[in-house]
Amino acid sequence: MEIYIDGQFVPETEAKVSVFDHGFLYGDGVFEGIRSYNGKIFRLMDHIDRLYDSAKTIDMAVPVSKEEFADIIIETVRRNGLQDGYIRPIVTRGTGTMGLDPRKCPNPTIICIAIEWGAMYGDLYEKGLTAVTVAVRRNSPDALPPNVKSLNYLNNILAKIEANYKGGDEAIFFDAQGRISEGSGDNIFIVKNGTIYTPYTLTNLKGITRQVLIEIVETLGVPLREVELGFYDLYTADEIIVTGTAAEIAPIVTVDGRSIGSGRPGPITKQIMAAFKTITEQEGTPVY
Ligand code: PLP
């Protein structure tokens, strides 16, 4: 495996950051998760735009242009000979001193990892996932906006730990007011009486797969509304869908032990999953 770090491609064993890198010391940095399908990188520029927006929010200047970053990502995929891959670009604050002040870190560290990777949830796309709501609340937008894809994922990891103990495949977060926010690594949609509902993105990541789903349902003619949702809406949903680059488009068939709809992936979910497969086969930035 070849990994890009600080201007060079090196073998995995040589891809190292300093213990004084603030990405390591403080989670000070940003990242993306991108997929390639059949040698084409899916929604590459959308991910790069979001990476730069995350960096802007934490007042970090990415030291290369967006076009140069795209070339780094494409080259990482090419060197590793990937077809169906998962790509992880990372920009850390860089090496500094022992102390929070980012002004002590003059040069952000750029890293890009890319691995071959298939379906994250295996046969659960057919059967459906179980989800549990978690006590830990999603980071508040006035503290650490969930829109920033930052290297500090402890909030999400706490949710994942809770889901593991409760036996759920995925965790569903509420915000501090009890409104549904998102999953630990995906956005959430509820289908009720033929309409799809999803939370506003104030309290969750502006998901790129979320955007793809919005485009799909427009073409399918299924109405979609952004609204505030609570746990009542989860338990009484006809279908629940989660979306993410890693998770792709996945059906949730139980929440906190309650069966959702028929307890099987529903018809609208299946239609959206099929359309997503077609789009990922057709679109993308060619690597080779
Ligand atoms: N929400 C969180 C917390 C995530 O980590 C992710 C994954 O990137 C998503 C949502 C889905 O975003 P996307 O579809 O852009 O991958």
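FYI, side chains are in, hydrogens and waters are out, and symmetry mates aren't considered; it's all heavy atoms of this structure. In each ligand, atom 1 is the first atom listed, and ligand 1 is the first ligand listed. Because the structure is predicted, anything quoted here is derived from the model rather than measured.
- Looking at I208 against ligand 1, both its backbone and its side chain come within 4.0 Å, counting heavy atoms.
- Closest non-hydrogen pair, E182 versus L205, comes out as OE1-N, 3.3 Å.
- The minimum heavy-atom distance between N204 and N147, with the atom names listed, is O-ND2, 2.7 Å.
- Checked by distance only, ligand 1 and K206 stay at 3.5 Å or farther apart across all their nitrogen or oxygen atoms.
- At a 3.5 angstrom cut-off on N or O pairs, E182 counts as close to ligand 1.
- Geometrically, ligand 1 and T245 share a nitrogen or oxygen pair separated by less than 3.5 Å.
- Polar contact check, G207 against ligand 1: no nitrogen or oxygen pair lies under 3.5 Å apart.
- For the pair N156 and ligand 1, the shortest N or O to N or O distance does not fall below 3.5 Å.
- Counting only distance, with no hydrogens or angles, the side chain of Y4 and the backbone of V10 share no donor-acceptor pair below 3.5 Å.
- Under the 3.5 Å distance criterion, with hydrogens and angles disregarded, a donor-acceptor pair is assigned to the side chains of T133 and D256.
- For ligand 1, the polar-atom distance check against R210 finds no nitrogen or oxygen pair separated by under 3.5 Å.
- When heavy-atom distances to ligand 1 are checked against a 4.0 Å cut-off, S184 comes that close only through its backbone atoms N, CA, C and O.
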Under 3.5 Å donor-acceptor pairs involving side-chain atoms of residues 119-128, not counting sequence neighbours:
| from | atom 1 | to | atom 2 | distance (Å) |
| --- | --- | --- | --- | --- |
| Y125 | OH | Y121 | N | 3.4 |
| Y125 | OH | A247 | O | 2.8 |

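- Under the 6.0 Å distance and 45° angle rule, R35 does not count as a cation-pi partner of F42.
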